[in-house]
Each structure stands twice: as C-alpha cells, then as structure tokens.
Amino acid sequence: MTTVKLPDGSLKEFDSKVSVKDVAKSIGSRLAKDALWGEIDLQPVELDYEIPQGEPVNLKIITKKDPNALATMRHSCAHVMARAVMRIKPGVQLAFGPTIDGGFYYDVECDEPLTEEDFPAIEKEMAKIIALDEPFERLDRPRADAIQVCKDLKQDFKVEHIETGLADDDSLSFYQQGEFLDLCRGPHIPSPRRIGAFKLLSIAGAYWKGDQSREQLQRLYATAFFTQAELDAHLELLEEAKKRDHRVLGKRLGLFHIDEMVGQGLVLWTPKGSFVRQKLQDFISEHLQRQGYDQVFTPHIGKLDLYKTSGHFPYYQDSQYTPLVDREYLSQLAEEGCTCGELSNLMNEGEIEGYLLKPMNCPHHIRLFASEQRSYRDLPIRLSEFGTVYRWEQSGEIGGLTRVRGFTQDDAHLFVTQEQLGEELIGCIELVKIIFGAMGMEDYTVRVGLRDPDSSKYVGDPENWDLAEQACREAAQTLGKDFSEDPGEAAFYGPKIDFVVKDCIGRKWQLGTVQVDYNLPERFGLEYIGSDNKPHRPIMIHRAPFGSMERFIGVLIEHFAGSFPLWLAPEQGRILTVSDKSEEYGKRVESQMRDAGIRVKGDYRSEKLGAKIRDGQLEMIPYMMIVGPRDAENGTVSIRDRIDGDLGAIPVEEAIAKFQSEVADKTVRSKSS
RNA sequence: GCUGCUGUAGCUCAGUGGUAGAGCGCGUCCUUGGUAAGGACGAGGUCAUGGGUUCAAAUCCCAUCAGCAGCUCCA
C-alpha cells in the first residue's frame, strides 16, 4: 500500500508500487504531461522515483507553472556552471550564486581573470556535466564540520560566510554532484536532465558581500530555461529591449547629444529634444499654476557660506564639482605662500571662500522665503523652478540621460505649517498622478521611505517624525495603488515618497520624489508669525514630480519606444509628394497646416513614395500626408498613420481638426487606436 | 571610484604586423514613380589621444580620455 498526501491535504492510496509519474497520471493526463519532477517531504525526486510504501508521504508534483520551478532549475544550473569553471580554472574561489530575475549568476575569484572568450569552453564543460546526469545530493553537517569541510575545500569565502553570515545556524547543508561540493541551502532539481537550455550572458565585477572595501570578484551572469525555444524567445526579448534603449533612439531620432569635448554626463539638447523638453515643462507649469505655485528663477551658483549653513559643504564635497575659489581670497592665499596641498586641506575643512555650482535648489529658495517677513496667512508658500543642478557623480555611474552630472529638476519647495502638511503632500501626489496618467505610465512603484528606529543618523524631534511619516502614508494612499514602506530609506532630514520605474533592461530609476524636511528650516532659522503673534518654524516639502527632466525624458523615450504622442512629437506630420508635379500643392498644404499650429515638414525629394514613407516611419513621424495629383484636384491629403497605416484621403481642414483634437486631448496611442 | 570589454567614414560595423574596407547616410545627375528601400557616378578616415616595441603598427605593449555591462554610490 502506498499513500501520498498532496499539497491540498487530500490523501491518495495505491494498492501497488507507484512512481511519481503514476501519481500525476492518476490526477490528470495534463498534469502527467506537464510534470517536471516531484518533491517528497521537500526533497526533489525524479518522475520515475518509486514512492516508498507504508507511511503516507507528502508529495508535490512540480510543473513549469510552479513559481519556484524555474528558479530551482536555474540554481542547479548555477552549480553546474561553477563546477565547469572549477574544472577549467583550478583554484577558483566560490562566493554566492543565487538566481535573479531572468537568470542566475555565480561570483567567483580566479587567479587569472575569466573573460568572455572562456564562455564557449565553460558552456561545453557544462554540457558535459549535464550529460553525465549525476544527481544533486544533499548533505547536512553540524556547524563545526561544515567549517572544516569548506576549509578542506579551500573555500575561504564559504568559511567566512558560515562564521559570520550564518553564525546562528547549528547545522548547514551542502549539495554534492560528482566531485563538486558546495555549501547551499537548496533545493535543487533531482537531476541535471531538467536543465533544458542555458547560456552564459556576461561577466562583470562585484564586491564580496557588496562591500567596496572587500575583494572584488567576477560575477558570471547566465540564464537557463526548460526549453531551447524559451531561451531563444528570452534572448530575442533582450535584443528587442535594446532597440528601445533611449541612448540608441536618442541618437537615431536626434533628440540629444553628449559630447566628449563638453564633458561626461553633460547633456546637449538638440532642437528636437529641446522641443520635447519644453513641451513637458509647459505641461507641468500649467498644472503648477492651477495648484497655486509661484515660479521663480535663481542662479546656478551660490556662496560657499550658503552651503555651509545648509550643511552640504564640505560634508558632501565628493559629490560636488570643485568650488570656484574666490579670486581675492585665492591671491591672498598665494601671497601667504599657500601650497596646493594646503588649499586642498582648507577645502576639506570647509575653510575656504568662494562659490559652489549648486548641487540642489533648496538653499536658494529658502533664502527667497527668508527675504520677507512671513505671516501664517501667507502659508503655504510654494516656490517652483526648473532648476539646473550639478553633481559630481562617480564616472562609472554616468550614462545616457538617466544618470548625468548636470540636470534640471522640476523642483519646488513648499513652506507649510504642521496643520497644512498632510493636505500639501496630497497635492504633490496629485501632481505626480496627473503626470504619470498623461503619459500612460502605469508601471511604476511607490516607496514610502521611513526612518530606521535603530539608527541615529536622523535629525529632528521623533514626535514630528511620527506625524510626518503618518502624513506620507496617508498621502501615498490617495494614489489608489500599492506602496511599500521602507524603514531606513528616509532622508536624514525627513520621510519621503519616491516613484520608481524600470528602464528597457530592467534597471530601476527613481523619478518623482516628495520629501518632508524639518532640518533645513531649522538650520536657516526660518520663521513665520502665527495667529498667536509669535514666531513659528515652517516645515519644508521638497518635491519634483518628474525628478529631473533628463532622467524623465530618458525613461519616456523608452516608454514610448521613440513614438511620442502627437502633442509631444517634435514633427507631428510630414507632407510627402508623390512626384515633383505636386510640389506646389504640397507647399500650400504645408503652410496651411503650419498656420493652424501643426508642426509639419515637407519631403519634396525626387524619391519614390515608398522610400519617403519608409523614412517617415523610421523617424517615428505620427502622420504622413501624401499629396498627389488626385489630392491637388480634390483639396485633400491622403493620411498615413504611423500606427494604423493608410487612412485614405480627407479634406485638409478635416485633417487639421483631427490633429488639433488629438493634441488637445493629449491622446496616448499604442499599437492600435 | 572598482572589475571586465570596447573605441576604424556622419551612423552600424568588417579588417589581427606589410598601400584603409562594406552597407546605410551625404552630394551631383538620370528617373516623375499613390503607401516601408529606383539607378549611376562621386566626396568623405592622422584607424580616440599620447607614448613605446618593430625595418614596418589600425593591428602588439603602457598610459590617458570616452563608451558599454555589472558592482559600489546617489545628500
């Protein structure tokens, strides 16, 4: 008698000996077909494994649909990869080898570094190991033995990990496959036969335990699927995603340029890119005006004293451009025989005079607030500015539009009373909602950053923190979207709400942010006169719904795959003449459209129509207006839609009205309208 | 900043020690064609920069700058 207990608690009894596959068959033919392997008391077993008779056993039949099935297989594949590397490069030290979204990696340390040229050899060795079909066997060892095992294997990282990271574990598990033995929590697939198709993807540096001061290892990225077809589809997807990369599209569509001679991370906006940016600024300005914001302008530099007061200098010097040292002060130092080293020391101590390229806009706005006496009747005061800031980002971090050294925040600072805080936060969230909604961006996550109760890095009164954190939670709730609460993610001066999106290759970027600040009003001694005729301290809210124009547009290019909605498109329509005979009519339509406020250009080259259309499609022109003798005769244009193709001939006035209404509605169109 | 890879025509890339290549784009001419590439000819390169090795370097070595992937960082 064989008795199995299934995950839903039901019992199944069999008179004779049965295999896992037999059980699956008894449940359903579909399940039998989809079954990959079984799990008996959490131990993976092959489908032909004969279930022991007697006592009931817990059996789970694993299929592709099981959320952990793919990850388990990939992790086993990571072991195979590590084993292959060790065979090829003796003396390899292994670190961690987890699964990640889309694949897995293994961190290793080799005497002589691995390169992509080693990939074919590693893949070949992996194929050999899989063909051997040796099972992954679990071994449990008491702590002391486990350390000795790792020492015998000369795996120093594993020894360290048991001694520190796994200090509380009394017993540790290993998995063995052939000569390969690795400290591992498991689980694994019953045999490597389940690894359908795999591929090594890339190699990169990574620090041991993510610590910059520790050893730098080599991280081998790879992926695996149950079938070759799935792997191919995945690789295809990666290729497709690359074509949407804003750096590729930005170049192809001529939206921006980053010039070596100008400087790393400094964006030059072309006329087309500038147009998009300006449209976005106009859009947000309109909503700011509706929400009662006041627009201000402030300079790009400020005295070092300003930043000494704000606390940003000299403490965050590493992420700022070098200060512009005051001319008189510099010559005075020179007369005193100050050396470069001494100047550098003065800088580190903040003991110099001069100006700083502004790394943020808040101090300027704060000084505007402080420039007049404020009454509680004036509050809230909302100062907004498309303020350009400069930060000395690490060179390895810079790239495209998403991480740059000079960028323009759609910034604003709100000076509010404690009572106004909640409502103003909701107003900020509302703005973010409007923007994301207008762009059709649904795929973003919301993160409420709270203080870590165990940390001392936070400034201000804990009671105020509680109030502000609660206000942030309540504001985030008005989004009608799930959000995470992350203790320790708050700024040192207050809690915040961040909006995060992913780029075309899955990297996460923070766009909009709303932050509560008790610190700067304190440091600058800001006050307003309350109804009690006594001075009170306002609270500040920093907020930027786009985050920065650069990063937002970078993400937006990828979101639209370069096809901007009509209201944002630099060139909304293009007149294509069928032949030179229609040039005059084409030019007449062109100027008629332009007079109506439509951004059009004419393609009057003596190319064939097909070639002009192809060019227009590749340039992502929303509408092409084909004009030939028939159109000239009837006063029409034959519209070709970027998405839906040929729409037939319509009168010019009708086309204008169609475009105008699509612009007015800020319609976001996807594959089909 | 760190590790690895890369840098050749406006763009995408081939060229691995012996006279610099292709496709696209660009220019001129021919062609006047109704919904994704018509044809011919032509111009265009200190092979990122600076050193070194060599009879000889785009090619090998070193440094610098820049780009890419990842790590670290992002007040």
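Basis for what follows: all heavy atoms, side chains included, without hydrogens, waters or symmetry-related copies. Labels below follow one simple rule: chain letters A, B, ... track the order of the sequence lines, proteins then strands, and each chain is numbered from 1.
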> Looking for any heavy atom pair under 4.0 Å, which part of the strands does A/L520 touch: base, sugar-phosphate only, or nothing?
Replying inline: nothing
> Considering only the P atoms, how many Å lie between B/C13 and B/G18, rounded to the nearest integer?
Replying inline: 24 Å
> Taking a pair as Watson-Crick or G-U wobble with both distances under 3.5 Å, which nucleotide is matched to B/G4?
Replying inline: B/C68
> Which nucleotide sits closest to the side chain of A/D580: B/C74, B/A36, B/G33?
Replying inline: B/G33
> Reckon A/R247 has a side-chain N or O less than 4.0 Å from the OP1 or OP2 of B/C68?
Replying inline: yes
> When all nucleic acid strands are considered with a 4.0 Å heavy-atom cut-off, which category describes A/I258: base, sugar-phosphate, or nothing?
Replying inline: nothing
> Can you tell me if the side-chain N/O atoms of A/R507 get under 4.0 Å from OP1 or OP2 in B/G70?
Replying inline: yes
> So what does A/R219 hit on the nucleic acid, given a heavy-atom distance under 4.0 Å: a base, only sugar-phosphate, or nothing?
Replying inline: sugar-phosphate
> Which base sits across from B/C73 as a Watson-Crick or G-U pair, both distances under 3.5 Å?
Replying inline: none
> Under 4.0 Å between a side-chain N/O of A/Q212 and OP1 or OP2 of B/C73, yes or no?
Replying inline: no
> OP1, OP2 of B/C73 versus side-chain N and O of A/Q394: anything below 4.0 Å?
Replying inline: no
> Between B/C71, B/G4, B/G33, which nucleotide has the shortest distance from any of its atoms to the side chain of A/Y207?
Replying inline: B/C71
>> Is the shortest side-chain heavy-atom distance between A/F96 and A/L217 below 4.5 Å?
In response: no
>> Under 3.5 Å for both donor-acceptor distances, Watson-Crick or wobble: does B/C47 have a partner, and if so which one?
In response: none
>> Applying a 4.0 Å non-hydrogen cut-off, can you work out what A/Q264 is touching in the nucleic acid: base, sugar-phosphate, or nothing?
In response: sugar-phosphate
>> Regarding A/Q320, tell me which of base, sugar-phosphate or nothing describes its non-hydrogen contacts under 4.0 Å with the strands shown.
In response: base
>> Assuming nearest nucleotide by heavy-atom distance, tell me which of A/H312 and A/R614 is located more 5' along RNA chain B.
In response: A/R614
> Is A/E607 close to A/R614 at the side-chain level, that is, under 4.5 Å between some pair of heavy atoms?
Replying inline: no
> Does the side chain of A/Y493 come under 3.5 Å of the side chain of A/Q515 through a donor N or O and an acceptor N or O?
Replying inline: yes
> With sugar-phosphate meaning primed atoms plus P, OP1 and OP2, does A/Y493 contact a base, only sugar-phosphate, or nothing at under 4.0 Å between heavy atoms?
Replying inline: sugar-phosphate
> Counting just side-chain N and O atoms, does A/K581 come under 4.0 Å of either OP1 or OP2 of B/G33?
Replying inline: yes
> How about A/L520 and A/L526: do any of their side-chain heavy atoms sit closer than 4.5 Å?
Replying inline: no
> Which of the following nucleotides, B/U35, B/G70, B/A75, is nearest to the side chain of A/P359?
Replying inline: B/A75
> Base, sugar-phosphate, or nothing for A/Y315, non-hydrogen atoms under 4.0 angstrom?
Replying inline: nothing
> B/C24 pairs with which nucleotide, Watson-Crick or G-U wobble, both distances below 3.5 Å?
Replying inline: B/G10
> At under 4.0 Å between heavy atoms, what does A/G610 touch on the DNA or RNA strands: base, sugar-phosphate, or nothing?
Replying inline: sugar-phosphate
>> If you only use heavy atoms from C-beta on, which nucleotide in B/U12, B/A69, B/U32 is closest to the side chain of A/S579?
In response: B/U32
> Which nucleotide, in any strand shown, forms a Watson-Crick or G-U wobble pair with B/G18, with both distances under 3.5 Å?
Replying inline: B/C55
> Does the side chain of A/T298 come under 3.5 Å of the side chain of A/K358 through a donor N or O and an acceptor N or O?
Replying inline: yes
> From the list B/C65, B/A36, B/G1, which nucleotide is the closest neighbour of the side chain of A/Q617?
Replying inline: B/A36
>> Judged by each residue's nearest nucleotide on RNA chain B, which is more toward the 5′ side, A/G210 or A/S582?
In response: A/S582
>> Counting only heavy atoms not in A/F492 (residues, nucleotides, ligands), do more than 12 fall under 6.0 Å from its CZ?
In response: yes
> Taking the side chain of A/D631 as its heavy atoms from C-beta onward, which of B/G34, B/G33, B/A75 lies nearest to it?
Replying inline: B/G34
>> Under 3.5 Å for both donor-acceptor distances, Watson-Crick or wobble: does B/G33 have a partner, and if so which one?
In response: none
> Can you tell me how far C1' in B/G51 sits from the matching atom in B/A57, rounded to whole Å?
Replying inline: 13 Å
> Does A/R74 make a cation-pi contact with A/F104 (under 6.0 Å, within 45 degrees of the axis)?
Replying inline: no
>> Heavy atoms from C-beta onward define the side chain here; which of B/U35, B/G70, B/C65 lies closest to that of A/A204?
In response: B/G70
> B/G4, B/U35, B/U32: which one has an atom nearest the side-chain heavy atoms of A/I203?
Replying inline: B/G4
